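Questions regarding the structure given below will be posed in turn.
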Amino acid sequence: MDIAALRRELDGLKVEDNEKIVQQKSRDFYWYSPLLKRELEHVTGDLIVSPKSEAEVIRVLAACHRLGIPVTPRGAGTGNYGQAMPLSGGVVLSLAEMTEVKSIASGRVVCQPGAIIADIDRATRTHSGQELRLHPSTYNTASIGGFIAGGSGGVGSINFGGLRDFGNVLRLRVVTMEAEPRVLELTGENLHKVTHAYGTNGIITEVEMPLTASYDWVDLIVGFDTFMAAARYGNALACQDGILTKLITPIAAPAPFAYFKRHQKFLREGQSICVVMVAPHALDAFLAFTRREGGEIVYSAAIASPEDKKGLPPAYELAWNHTTLRALRVDPAITYLQSLYPFPNQLALVENMEKMFPGEVFSHLEFVRFDGNITCFGLPLVKFTTEERLDEIIRLHEENGCPIFNPHRYTLEEGGMKQTDAIQLAFKREADPRGLLNPGKMIAWENPDYDYRSEKTFLFKGLQAG
Ligand SMILES: Cc1cc2nc3c(=O)[nH]c(=O)nc-3n(C[C@H](O)[C@H](O)[C@H](O)COP(=O)(O)OP(=O)(O)OC[C@H]3O[C@@H](n4cnc5c(N)ncnc54)[C@H](O)[C@@H]3O)c2cc1C
């Protein structure tokens, strides 16, 4: 790789080659997985380039195309599966300087890809009392472009589903990796080529996202004696059509008391919980419903004193993959899985899995709207022992009807969220003919003999109709 020639071509752009900084910016949260930690520890890029505009992105891609240098895009680097890690070195293209919120209208916001999600919400709330429909629990750090290219769903998915669903991204501008990069405006079905594709087929330079009414969400924790009581309550709450919630997260003992250090004073050892975010106008109805269901309110931001609230993270930072982060901080032997408990048997499946691995797997559910039904994902915490045992736990989930989206793999196909097919591959050929965008992440591209047909459940389905 002629990095010196590239540097000359990029004269005037923000470029960083300090070895330590380059290494730091070549990483994401891959270390959540003991397997990826081992496999990807050595990975580093050669240069960080931080364009400030779409025109600069085009300059970088044209130069790298000419010189045959790989480009791996990066938002904030909070992805979990080594998604933003440059397996073949080359340029890490940081979009972190492209943060402008360009326009806000009724039901929509247009912004640059590096905008931090919480900053977008601050702007839309101030402008017109609106907020994004859904966000990852990394709300305060993640970029909107990184969420679209690497995330799946999160806080708000209980009402709107995930990024896989039509309507949750409105429009993307995407720059291709060609001798003369083109700017594509993607809408409708074409958006699915780029969502959760790890930036393997274009650099997102502008996004248009749908908005909904914003609220000062109230954080609550409801305590239960058993995990299944928390899970049943979560399911029943999610099915209450009149109570507006944004987050419903049952978590099994011992995790809450053992790992939520800042909230420990509100919790009992051995207590399972359900973390909830409720709209202020729905609070009374929520409390009445919770009383009727036998839940104990152990924390309510609506009545907690300033002293109690001091130093507490927001409820969503106990949920989604923040649950894992908090567990890992206390016990480095913890890792996790991502599972789906398909409707309508979600509670029976949850109960079955909860019983299967006592003391080894701790249940953690996220209730979501999924294809029009209420069901739940799992992000169970796993006490890691060996790779073989982890594989066995995955196999037992799948054999028992709970698909796993494997967070211990860095390729799209093996991660299991994104299905590759002929249309996806054809778009890759069109948008990145030399295979220079985030190389190594799409098996179907690297290995022409790879058979991408699969009976597996993928979150983001292939693009082939039928
Ligand atoms: C504690 C914790 C909690 C999390 N919770 C959630 C959650 O609730 N829901 C969820 O979905 N995820 C979650 N994640 C994963 C991650 O934080 C989110 O997906 C986040 O939105 C990624 O944004 P980012 O800016 O950090 O992206 P990065 O990690 O920088 O990038 C993610 C992927 O997108 C690509 N990419 C980045 N920018 C662009 C661009 N402009 N054009 C093309 N490709 C691009 C990268 O190459 C990479 O493949 C969590 C992670 C952690 C560590």
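Just so you know, ligand 1 is whichever comes first in the structure, and atom 1 is the first atom listed for that ligand. One is the number of the first residue; the rest follow in order along the sequence. Model, not experiment: these values are computed from the prediction.
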Is there a donor-acceptor contact under 3.5 Å linking the side chains of E317 and S137? no
Side-chain donor-acceptor contact under 3.5 Å, T411 with E414: yes
Y215: which residues meet the ring-ring contact (aromatic ring centres under 6.0 Å, His included) condition with it, sequence neighbours left out? W217, H281
Would you say the side-chain atoms of S363 and E354 include a donor-acceptor pair closer than 3.5 Å?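 Yes - a donor-acceptor pair under 3.5 Å links their side chains.
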Which residue pairs pass the salt bridge (charged side-chain N to carboxylate O under 4.0 Å, His left out) test with at least one member in residues 147-175, sequence neighbours excluded? E54-R173, R164-D371, R171-E185, R171-E206, R171-E208, R173-E185
Any residue meeting ring-ring contact (aromatic ring centres under 6.0 Å, His included) with H196, in chain and number order, not counting sequence neighbours: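 ring-ring contact (aromatic ring centres under 6.0 Å, His included) check on H196 returns Y198, F460.
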Residues lining ligand 1 [heavy-atom distance under 4.0 Å, listed by chain and residue number]: F29, Y32, P73, R74, G75, A76, G77, T78, G79, N80, Q83, A84, L95, P113, P136, S137, T138, A142, S143, G145, G146, F147, A149, G150, G151, S152, G153, Y198, G199, G202, I203, I204, W320, N321, H322, L325, N438
